[in-house]
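For the numbers below, each heavy atom of this structure counts, side chains included, while hydrogens, waters and symmetry mates do not. Residue numbers run from 1 in the order of the sequence given.
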Amino acid sequence: MQFAPVFRSEWLKIRTVRSLLATLFALFAVTTAFSALAAVDPEDQGADPLFTALSGTTLGQIAALAFGSLAVSAEYREGAAVRLSLTAVPRRGLWFAAKAAAIAAVVLAVSLVTSLAALLAGSAGLGDAADVLTSADQVRGVLGGAVYLTLMALLAAGLATLLRSGVATLSVLIPFILIVSFVVGDVLGTVVDFMPDRAGQTVLRSEPDGTLGPWTGLAVTACWTAAALLAGAWRLRRQDA
């Protein structure tokens, strides 16, 4: 069986699940709205105008995590869907690759529109303070923000395949991101710079002040995502559906 028809079937699944479409809408709405609100009072976000304009991404990523986990966990509800999928596509690696590719394609497309809308809304709120942003900064912020959100969705998809539960996945990832990064970050020191969220969000800053640069930080997040996907693929291959 070829990859294209399997990918197309996974794309159709996403289109027909209302909860998934709702999370995509939430991704756009939350990211854009909070970027606009944060830009009204930029002093709360520090001196980096690019991060201020795209600060809604830090909340929008929760919707991206929800999308990735729900796209996979929907297959495991009562076990019926995943068994049917694997009956139609016996090559589990092919099916999982198509599932991940469909998730990535959808989230990337929505995230590109979302990041651009957030940047425009945030820049409008910043007013003259946004004039210091170069075209290169803005392009990097939009493209990098979209890739970051896509990686976070795939991270959740890989972990959901490993745990076979959307609730368990979000119960692990959301506290990990909100508590470890923001509450105990100062205690962990430079180690926190290599957390998946902190590392990836360096691409949203015009002048990163941590250990990693914009693209190296995004590469660290990609490594976390790859590890989660490999772990999910391992369990899918090793255990019965």
Leu230 side chain near Trp234 side chain, heavy-atom distance below 4.5 Å: no
Trp224 (side chain) donor-acceptor with Phe194 (main chain) under 3.5 angstrom: yes
Exercise: identify the closest heavy-atom pair between Ser35 and Gly56: OG-N, 3.0 Å
Student check: side-chain heavy atoms of Val132 and Pro49 closer than 4.5 Å: yes
Any donor-acceptor N/O pair, Thr57 side chain to Gly60 backbone, under 3.5 Å: no
Step-by-step side chain to side chain contact (heavy atoms under 4.5 Å, CB included) determination, Arg140 to Trp215: CA-CA 9 Å; Arg140 172 166 57 81; Trp215 300 114; 3.7 Å; yes
From CG (Leu20) to NZ (Lys13), nearest 0.5 Å: 11.5 Å
Heavy-atom donor-acceptor pair, Ser111 side chain to Leu108 backbone, under 3.5 Å: no
Heavy-atom check, side chain of Ile177 versus side chain of Met152, under 4.5 Å: yes
Exercise: identify the closest heavy-atom pair between Leu54 and Ala118: CD2-CB, 4.1 Å
Chi angles and distances behind the side chain to side chain contact (heavy atoms under 4.5 Å, CB included) call for Val172, Leu159: CA-CA 9 Å; Val172 170; Leu159 190 58; 4.1 Å; yes
Check: Arg198 side chain, Asp193 main-chain N or O, donor-acceptor pair, under 3.5 Å: no
Sub-4.5 Å side-chain heavy-atom contact between Leu27 and Val110: yes
Sidechain-backbone polar pair: Ser9 side chain, Val6 backbone, donor-acceptor under 3.5 Å: yes
Value rounded to 0.5 Å, distance of CG in Leu204 from CG in Asp137: 11.5 Å
CA sep, side-chain torsions, deciding dist, call: Ser55, Phe34, side chain to side chain contact (heavy atoms under 4.5 Å, CB included): CA-CA 7 Å; Ser55 58; Phe34 277 90; 5.9 Å; no
Test side chain to side chain contact (heavy atoms under 4.5 Å, CB included) applied to Phe28 and Thr32, step by step: CA-CA 6 Å; Phe28 176 84; Thr32 305; 4.0 Å; yes
Distance in Å, Leu229 CG paired with Leu236 CG, rounded so as to fall on 0.5 Å steps: 11.5 Å
Thr161 side chain to Gly232 backbone, donor-acceptor under 3.5 Å: no
Shortest non-hydrogen separation from Ala105 to Phe7 and the atoms involved: CB-CZ, 4.2 Å
Exercise: identify the closest heavy-atom pair between Ala157 and Ile103: CB-CD1, 3.8 Å
Between OG on residue Ser85 and CD on residue Glu10, distance to nearest 0.5 Å: 5.5 Å
Inter-residue atom distance Thr221.OG1 - Asp197.CG, 0.5 Å rounding: 7.5 Å
Nearest heavy-atom neighbours spanning Leu119 and Val142: CD2-CG2, 3.6 Å
Main-chain N/O of Ala199 paired with Thr202 side-chain donor or acceptor, under 3.5 Å: yes
Side-chain (Gln61) to main-chain (Thr58) donor-acceptor, under 3.5 angstrom: yes
pair Leu70-Val17: side-chain heavy atoms closer than 4.5 Å: no
Gap between atom CZ of Arg91 and atom CZ of Phe3 - 0.5 Å precision: 11.0 Å
Heavy-atom side-chain proximity of Leu151 to Val147 below 4.5 angstrom: yes
Residue pair Ser206, Asp48: steps toward the side-chain hydrogen bond (donor to acceptor under 3.5 Å, both in side chains) verdict: CA-CA 6 Å; Ser206 54; Asp48 194 314; 2.9 Å; yes
Lys99 side chain to Ala71 backbone, donor-acceptor under 3.5 Å: yes
With Leu170, the side-chain contact (heavy atoms from CB on, under 4.5 Å) member among Ser69, Ser73, Ser165: Ser69
Beyond-backbone contact of Met195 with Phe176, side-chain heavy atoms, under 4.5 angstrom: yes
Val167 vs Ser171 side-chain heavy atoms within contact, under 4.5 Å: yes
Check ion pair Arg164-Glu75 (N to O, under 4.0 angstrom): no
Donor-acceptor pair, side chain of Ser115 and main chain of Leu112, under 3.5 angstrom: no
Val107 versus Leu149, closest heavy-atom pair with distance: CG1-O, 3.8 Å
CZ/Phe25: more than 12 non-hydrogen atoms of other groups inside 6.0 Å: no
